[in-house]
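This report refers to the structure that appears directly beneath it.
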Amino acid sequence: MADSGGLHRWDLSPSEAIALQKELAGRVVIRPLKRLPAMAAGCDAAFDTLKKRAFAAATVYRAKGLELVDRAAAAAELTFPYVPGLLSFREAPALIEAIGRLAVRPRCLIVDGHGLAHPRRFGIACHLGLLLNLPTVGLAKSVLVGKYEQPAEERGAWTPLVDRGEIVGAALRVRSGVKPVFVSVGHLVDLESAIAIVLRFSSGRYRLPEPVRAADQLSRQLARSGDVNATTQVTTVVRTRGRAVKPPSHRRPPVVRGETADRSRANDR
DNA sequence: GCGACAG
DNA sequence: ATCTTGTCGC
């Protein structure tokens, strides 16, 4: 139905959630990725003005050509408050639902939020990666824990994000001359692989990698239009699919149902 | 006790 | 995260 693994419940109190994180943190696997994934899914969530409902989106991109391959979304009632360090207990259920609705099973996730760069080394990227058993990268726009030196201005430059004597992530310049983003290990990757993945799925035209940028836009769009299908608890909102694996001789750009996919330009942030 | 604090 | 248009600069 919703959970992918049923590893634990979600209706926990903040203190119980913290205890669970300490327990699950030991299961995170850090290792280099043998080969960069051909496709990766960006994951992000937005909220309605009443902040009573979350809209999660998952967008799959192909590394080659940075083309959108598939995307899905889900809406859910918010049951957990926003508490720094406990983000996954607020957003993960909806994100898991959205990811589960993808027609194309992603082999890698880039999650909006931190991974190991977390007080208990178990940010939302670690949580999702562990539950879905997928290589996962954490990508945040600001720091939760740790300090860092400003990296060089060129795309690809990075400096370590250090917390309590440990390198928990990196301040990575995805676009030259633009504020860096913070990359950290989620699960089944190491920091170098995580950085390589973020650079591979970004063109350098925007601060965020394409998958996350698209998921951010989709979730935000759905939150504003307070989309229909969002009536009950974990409910479907939209679903759009494109080409799956091994596309025919004639490539066809993904078609978005109900709305035209503007791929021209935009202003991030 | 005083700040810091993903989204 | 969210309330929100134009504007300055590469």
Could you run down the sub-3.5 Å N/O contacts of the protein with nucleotides 3-6 of chain B?
residue: B:dA6; atom: OP2; partner: A:Tyr82; partner atom: OH; Å: 2.6
residue: B:dA6; atom: N7; partner: A:Gly85; partner atom: N; Å: 2.9
residue: B:dA6; atom: N6; partner: A:Gly85; partner atom: O; Å: 3.0
residue: B:dA6; atom: N6; partner: A:Leu86; partner atom: N; Å: 3.3
residue: B:dA6; atom: N6; partner: A:Leu87; partner atom: N; Å: 3.1
residue: B:dA6; atom: N6; partner: A:His118; partner atom: NE2; Å: 3.4
residue: B:dA6; atom: N1; partner: A:Ile124; partner atom: N; Å: 3.2
residue: B:dA6; atom: N3; partner: A:His114; partner atom: N; Å: 3.1

Any donor-acceptor N/O pair, [X] side chain to [Y] backbone, under 3.5 Å:
X	Y	answer
A:Ser184	A:His114	no
A:Asp48	A:Lys52	yes
A:Arg101	A:Ala73	yes

Specify the separation, in whole Å, of atom [atom1] of [X] and atom [atom2] of [N].
X	N	atom1	atom2	answer
A:Phe55	C:dT2	CZ	P	11 Å
A:Phe47	C:dT2	CZ	P	7 Å
A:Leu222	C:dT2	CG	C1'	16 Å

**OP:** Any chance you could pull the hydrophobic cluster mates of A:Val145, using side-chain heavy atoms under 4.5 angstrom and chaining through other members?
**Re:** A:Leu144
Subject >> Remaining members of hydrophobic cluster (4.5 Å side-chain criterion), A:Val168 >> reply: A:Val143, A:Tyr148, A:Leu161, A:Phe182
Original post:
What closest approach, in Å, do A:His118 and A:Gly85 show between heavy atoms, and which atom pair accounts for it?
Top reply: NE2-O, 2.7 Å
Name all residues meeting the side-chain hydrogen bond (donor to acceptor under 3.5 Å, both in side chains) criterion together with [X]; count only those two or more places apart in sequence or in a different chain, and write none if there are none.
X	answer
A:Arg121	A:Asp163, A:Glu166
A:Arg155	A:Ser202
A:Glu23	none
A:Asp190	A:Ser193

Subject >> A:Phe122: partners by ring pair (Phe, Tyr, Trp, His ring centres under 6.0 Å), with sequence neighbours left out >> reply: A:His127
Subject >> Presence of salt bridge, A:Glu153 and A:Arg173, under 4.0 angstrom >> reply: yes
Subject >> Nucleotide pairing, DNA chain B (Watson-Crick or G-U, distances under 3.5 Å), in dot-bracket with [ ] and | >> reply: .......
Sequence neighbours left out, cut at 3.5 Å: what donor-acceptor pairs do the side chains of residues 24-44 of chain A make with other protein atoms?
none

**OP:** Toss me the dot-bracket line for DNA chain C: Watson-Crick and G-U wobble, both under 3.5 Å, 5' to 3', using | for pairs to another strand and [ ] for crossers.
**Re:** ..........
Original post:
Is there a side-chain polar atom (N or O) of A:Arg220 under 4.0 Å from OP1 or OP2 of C:dA1?
Top reply: yes
**OP:** Would you classify A:Ala117 as touching base, sugar-phosphate or nothing, given that sugar-phosphate means primed atoms plus P, OP1 and OP2, and contacts are heavy atoms under 4.0 Å?
**Re:** nothing
Original post:
Can you list, by residue number, the residues of residues 180-191 of chain A that have a non-hydrogen atom closer than 4.0 angstrom to DNA chain B?
Top reply: none
